[in-house]
Every structure is written in C-alpha cells, then in structure tokens.
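Worksheet: one structure, shown below.
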There are 2 protein chains.
Amino acid sequence: MCQDCGCGDSELVPVEVQERLLAANDRTAAHNREHFVEHGVLALNLMGSPGSGKTALLEATARWTKGRLRLGAVSGDLETDRDAARLIKAGIPARAITTGTACHLDASLVHHALHEFPLAGLDVFAIENVGNLVCPAIYDLGQAANVVVLSVTEGEDKPLKYPTMFRAADLVVLTKLDLLSHLDIRVEAIEDALARVMPSPRLIAVSAKTGAGIGDWLEWIAQRRQKKVA
Amino acid sequence: MCQDCGCGDSELVPVEVQERLLAANDRTAAHNREHFVEHGVLALNLMGSPGSGKTALLEATARWTKGRLRLGAVSGDLETDRDAARLIKAGIPARAITTGTACHLDASLVHHALHEFPLAGLDVFAIENVGNLVCPAIYDLGQAANVVVLSVTEGEDKPLKYPTMFRAADLVVLTKLDLLSHLDIRVEAIEDALARVMPSPRLIAVSAKTGAGIGDWLEWIAQRRQKKVA
C-alpha cells in the first residue's frame, strides 16, 4: 500500500528491502511473460495520467477492428470496476484489478488476475495500469511493450517533467486530438520533448472520438505482433 | 526514490519501517506548520494529475489579484524547474523542488526549500505537488488545507476511482471550464462523485483562460485566511 511505502524516503528504507522488492517483482513478471509467449498473445502495458484516455483508446480499438483483433484486458484502479465494465460493454473481455491504495500495478497483481483470465485465442492482452505518470514505469509486468497514453490537454512539457515514464516507453499515443484546436498546444513541441528523453521516439496522435490516427495505432499493433512471432 | 520503494508491496516492507517513515514525515510536517503559523501565511497543498492545471491556477491567481494577494510557491516535479520559472514570470516568488524519481513531495523536501525561501510578508504559500492523483495525499507537508485540482478533461469518475486523494481534499478546483462545451462531461456528475467520497464536498469550477470562477476561488482563499487567523 502506498501509504505504507517509502516513496521518496530512500534513506529510510533499507537497500536490501528495496532490492528484494524489485527482484521479487521481476521474477513474477518473467513468469507472466512466459504465459503471454506460450499463448502467442501480445501483452501491452498501457500507462498514463488519470483521464489520459487509456480506456477510451481500447474502446476505439474494439470499435474500429469490429472483432477482427481479439482483445482482452485487465484494468487497474484504486477502487471500482468502472473501466473494466466500460471495456466489457465495448466487447472486450476484461477484469478489474483494484489496488486499494497502491499507485501502480505490479507483476503479482497481474499474475493473480491471469489465473481467472483465459488468454487462449487472444491476439492482444492490454494491461491498463493505474492512472499515474510516475510509478507504473518502474514495475515490469511481463509485457512485450510499454505504451504511454498522453492527452493533448496535459500540455507540451510532460516528457521533460516526468522522464522516467517516457524513457521506458516503446510508443506514445497522443490522445484527444479533436481538442487540439481549442488549446495553445503544438504537437511539434511534444515531439521535441519526446526526442529529448525517449530512447527511440515514436508518437502516434489519435482521436478516439473521430477515429483520426486509429489506423496508425492498429498498424503499430500489427507490426509488434509480427515482431513477437518472428 | 520511487523505484526503490515498496508501493503496493506492503507484505515485503516491514511494518516498523513503514510506520517510521510516516512518523518521521509527520514530525517534519509539524515543524513546517510552525513556520507557516509563525509567519501568518496560509499554506496550501495543491495536488492533482499531471497537466490538471495547478500552475495555470496559480498564474491566474496572480493575474487576477495584481499583487494585492502576496503569493509565494514551491513547485514539485521529477525534473526541470519549468513550473517555478512560469510562476516567477507571473510575478510569484517560486522555487523548484526536483524529486528525481519520487512521485510526491514530503515534509522534508518542503522543509529544505523553506530554508531558502523567505515566508515573511507572504499571504499565501502554495506547495504545488508532483502531478499524481494518488501518493501526494498520504504525506502531510504542514499545509493548512489540501486543494485538489481536477480538470474537466479527466472525466466524471475520478473521485470514485482515486478516493484516497478526494477523501483528503478540503477543496476541489475544477479547471479548464472553457473546454466543457467540447466534452461529453457533466459537472453535476463530478459533483455527485465528490459527494460520495469527500467528507465536506466543496467544488469551485474555474477557467484560468477566461477567468470564470476565479472570484469564487479568491473568496475561498480569503475565508481560509480569516479562519486561520480567527
């Protein structure tokens, strides 16, 4: 639980405790990864701020692929199963993972969820993390790729101010493109910021509302699925 | 540091370590509070998601009060001093607190900043926390009140999904009201969600762009300042 943790107080949490935590998480993540590989499913860790549009991106993905892409998902939140309910309504088999007070998913929470979740027959398994632009980046869940969902309403400088997250990103999906004309925000400035922190900068701008850019997102998924199989 | 912490892994972090962390933080917070009371300054802990508009709210506050309200601020981010630079440009004396990888401010970080920050002559000292809708709520900084900044673009259900933050809130400032007409969002739904988690629900809707609601926000500050002195 986050209220019990040592976030920011590294001098008080013994180093051996810190290392044991992450080592244990990495072992469980490796185990999850075996499950995903065994079933030939592309596992994506969707991270981003609260309200950045992670659930809406998955809803749009289901809407645009009309069942041709077999999706499954788990949705992390402190409380409620609202995101999972939205995904189920959109035709995506989904489970909620409620974390209580924890600000991120960990490999063990995902592993428990997998026990109740049939991966067989899925193309993509989306792990929708708790809305948080910091901590989720630290915990490997066994995913094949990290997708950071950033909305245009969050401003141009988030990659510079929250670099841990963007350094870990394989792809940034820039959402709510339909709102861009109402904002003093330039996509080029976001691209410039990403180029300064992201190891291999890759940005796809989308609107879940209008469908703009969803084709590029589906193409990226298709390429990652091929890469995984190759 | 967050990558070293036990967020969500309470079974691995010894209880006595967890308790020592928060007890040490509370002692430093009490010390900070003495500083604020001694100088008759209203200290506000501004929390909210990345990009929710915390800095923009302070900029608008300076713009609308034109020096009549003497503001000072510290701005927490993992990296960069961009928010502090924006505040200084807006006429607010400000310092950046860079947390490295930590996802929240703690009382000690604020205390160190206070050593370099003259409180004398200030009316309001704003502590702009790291953008995060979870962990900052747990750490007392010595503030007189918690202000949660939530933007209309984040959706209607954030209070239900991130209740820890809203349970600790004395006020919710709903920002980016100018974007409301472009969204499928109802303020009443946000109010309903707040009523279910916030001990004394209080919401002020504002637009830092148009100035709508800024008068109500200034009135709330004036009332809190009186309350503090009374």
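This structure is a prediction, so every number in the text was calculated from the model and none was measured. Order of the sequence lines sets the chain letters (A, B, ...), proteins ahead of strands, with each chain counted from 1.
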Salt-bridge criterion met for B/Asp140 and B/Arg33 (N-O under 4.0 Å): yes
Is A/Leu179 in contact with chain B via its backbone, its side chain, both, or neither, using a 4.5 Å heavy-atom distance? side chain
Should the pair B/Arg196-A/Glu79 be classified as a salt bridge under the 4.0 Å nitrogen-to-oxygen rule? no
Select, from A/Asp184, A/Thr153, A/Asp178, the one with the greatest count of heavy-atom pairs under 4.5 Å involving chain B. A/Thr153
Quick one: do B/Lys161 and A/Asp83 make a salt bridge, cutoff under 4.0 Å? yes
For chain A, find which of B/Gly131, B/Gly100, B/Pro50, B/Ser49 contributes the most heavy-atom pairs closer than 4.5 angstrom. B/Pro50
Heavy-atom pairs under 4.5 Å with chain A: which of B/Asp157, B/Leu133, B/Leu183, B/Val130 has the most? B/Asp157
Minimal heavy-atom distance between B/Ala212 and B/Leu177, with the atoms involved, is CB-CD2, 4.5 Å
